[in-house]
Protein chains: 2
Amino acid sequence: MTHFGAVVRNRRERMHLEDRRFSLRQVAQRVGIEPAYLSKIERGDVAPPSEATTIRLARELGEDPDVFLAMAGKVSSDLQEIVRKRPRLFADLIRQLKAAPDDAILRVVREVRDGDW
Amino acid sequence: MTHFGAVVRNRRERMHLEDRRFSLRQVAQRVGIEPAYLSKIERGDVAPPSEATTIRLARELGEDPDVFLAMAGKVSSDLQEIVRKRPRLFADLIRQLKAAPDDAILRVVREVRDGDW
DNA sequence: CCGAGTGTGTACTAAATAGGACACATGACA
DNA sequence: TGTCATGTGTCCTATTTAGTACACACTCGG
């Protein structure tokens, strides 16, 4: 189980090769946290940061915030809010889809997107 | 915005009319928390309890745990886990369905349940 | 009258969350 | 050789979460 920080470090170092603005310190500064803290995050020395910080980090590294959040063990609060507004419906739907293959879910997504409702 | 505690109190008092085992103290005991704490919860004097406690409370009162959790401002951790395993897929799906009418979602649920995949 | 049961007020707390401050060693490079 | 910039180690802290403990006042049946 390669942890959150490792992925961040990987991603950041890859960017750093092409662009020296991606040093730990500079990224930390742009993200708005202390370098020491980012260092600890990347080494898994501390738990993944808050939702807000995780999202800023994802943006900075050009990654999908939802994916980064997932790796940080969280689910975006805007998704949670959607679910909370109609708990029964969404709980059923999500549990229903738990075992469904990716392409089945994708089909549903598309179907809904093009939906006629 | 009628808060979580108010719903609990309502529900519990309704049960209490028919069954004297639903006093605040006895419910608290069965749920495994201090009476004083349940009292504060019901009056909205403190934030809603943890996920685990909320679920036990829902069960005790014969309510849907997902609904109680929603009122407590939370989303069941088992649902979160499902989403976290395929963040992009589920994030898309849920955001897609944000504005969909109930019956459209229901149709999707059924469709998936009877699905042929 | 009293004892059991009821709800509540006050005070306290252990653990988790989400970091900040600052000093330090290292290496690059001008 | 000095001076940056880099990553990291150590220590500290405010806030939130999720409750417990205990005493108190009221009421109702026997």
Side-chain angles (χ1 to χ4, degrees), chain A residues 3-58 60-61 65 68-69 71-77 80 84, chain B residues 3-58 60-61 65 68-69 71-77 80 84:
Chain A
H3 65 289
F4 175 72
V7 177
V8 172
R9 170 145 298 188
N10 239 284
R11 179 65 178 166
R12 184 182 59 74
E13 286 187 336
R14 209 181 293 287
M15 316 242 85
H16 199 187
L17 294 180
E18 316 260 285
D19 185 340
R20 67 178 186 290
R21 292 174 54 258
F22 284 84
S23 76
L24 183 148
R25 284 179 111 95
Q26 294 194 41
V27 168
Q29 194 193 340
R30 287 195 297 276
V31 168
I33 58 180
E34 290 294 308
Y37 185 41
L38 179 53
S39 171
K40 280 175 260 182
I41 290 170
E42 289 193 354
R43 286 169 300 130
D45 198 15
V46 298
S50 69
E51 176 177 346
T53 298
T54 300
I55 290 175
R56 290 199 308 277
L57 202 44
E60 181 61 32
L61 299 179
F68 256 42
L69 283 172
M71 289 188 317
K74 313 186 191 234
V75 170
S76 164
S77 56
Q80 297 201 37
R84 284 201 315 264
Chain B
H3 64 289
F4 175 71
V7 177
V8 172
R9 169 145 298 187
N10 241 286
R11 179 67 178 166
R12 184 182 59 76
E13 286 187 335
R14 211 182 289 289
M15 315 243 85
H16 199 189
L17 294 180
E18 315 259 286
D19 185 340
R20 68 178 185 289
R21 294 174 52 260
F22 284 83
S23 76
L24 183 149
R25 284 179 110 97
Q26 294 195 41
V27 168
Q29 195 193 340
R30 286 195 298 277
V31 167
I33 58 180
E34 291 293 308
Y37 185 41
L38 179 53
S39 170
K40 280 175 263 184
I41 290 170
E42 291 192 352
R43 285 169 299 130
D45 198 15
V46 297
S50 69
E51 175 176 348
T53 298
T54 301
I55 290 174
R56 290 199 308 277
L57 202 44
E60 181 62 33
L61 300 179
F68 257 42
L69 283 171
M71 288 187 318
K74 312 184 193 238
V75 171
S76 164
S77 56
Q80 297 201 37
R84 283 200 316 264

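Proteins come first, then strands; the chains are lettered A, B, ... in the order of their sequence lines, and each starts at number 1.
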Check the distance between C:dG7's C1' and B:Q26's CD and give it to me in whole angstrom.
-> 13 Å
Please round to the nearest 0.5 Å and tell me the distance separating atom CD1 of B:I55 and atom CD of B:E60.
-> 14.5 Å
Within less than 4.0 Å of OP1 or OP2 of C:dG19, is there a side-chain N or O belonging to A:T53?
-> yes
Would you find a donor on one side and an acceptor on the other, under 3.5 Å apart, between the side chain of B:R14 and the backbone of B:N10?
-> no
Span of DNA chain D, from the first to the last nucleotide whose atoms fall under 4.0 Å of chain A heavy atoms = D:dT6 to D:dC11
Of B:G32 and B:A47, whose closest DNA chain D nucleotide lies nearer the 5' terminus?
-> B:A47
Starting from C1' on C:dC24, measure out to CZ on A:R25 and report it in whole angstrom.
-> 11 Å
Is the shortest distance from a Lys or Arg side-chain nitrogen in B:K74 or B:E51 to a carboxylate oxygen in the other one below 4.0 Å?
-> no
So what does B:E42 hit on the nucleic acid, given a heavy-atom distance under 4.0 Å: a base, only sugar-phosphate, or nothing?
-> nothing
At under 4.0 Å, does any side-chain N or O of B:S39 touch on OP1 or OP2 of C:dG7?
-> no
Inter-residue atom distance A:R9.CZ - A:I41.CD1, 0.5 Å rounding = 11.0 Å
OG-CZ distance between A:S76 and B:R84, expressed to the nearest 0.5 angstrom | 13.0 Å
Can you tell me how far CZ of B:R30 sits from CG of B:L61, rounded to the nearest 0.5 angstrom?
-> 9.0 Å
Check: C:dG20 base within 3.5 Å donor-acceptor of A:K40 side chain = yes
Rounded distance [0.5 Å steps], CZ in B:R12 versus CG in B:D19 | 12.0 Å
Value in whole Å for how far the P atom of C:dG20 lies from CG of A:L38 | 11 Å
Would you kindly give the OH-to-P distance between A:Y37 and C:dC22, to the nearest whole Å?
-> 19 Å
Below 4.0 angstrom from OP1 or OP2 of C:dC29, is there any side-chain N or O of A:R20?
-> no
Between CZ of B:F22 and P of C:dT6 the distance, given in whole Å, is 13 Å
B:R12 has a side chain; which of C:dG19, C:dG9, C:dG7 sits nearest to it?
-> C:dG7
Can you tell me how far P of C:dG19 sits from CG of A:L57, to the nearest Å?
-> 11 Å
Send over the distance from B:L24 CG to C:dA4 P, rounded to a whole Å.
-> 20 Å
Atom CD1 of A:I33 to atom C1' of C:dC22: distance rounded to whole Å?
-> 17 Å
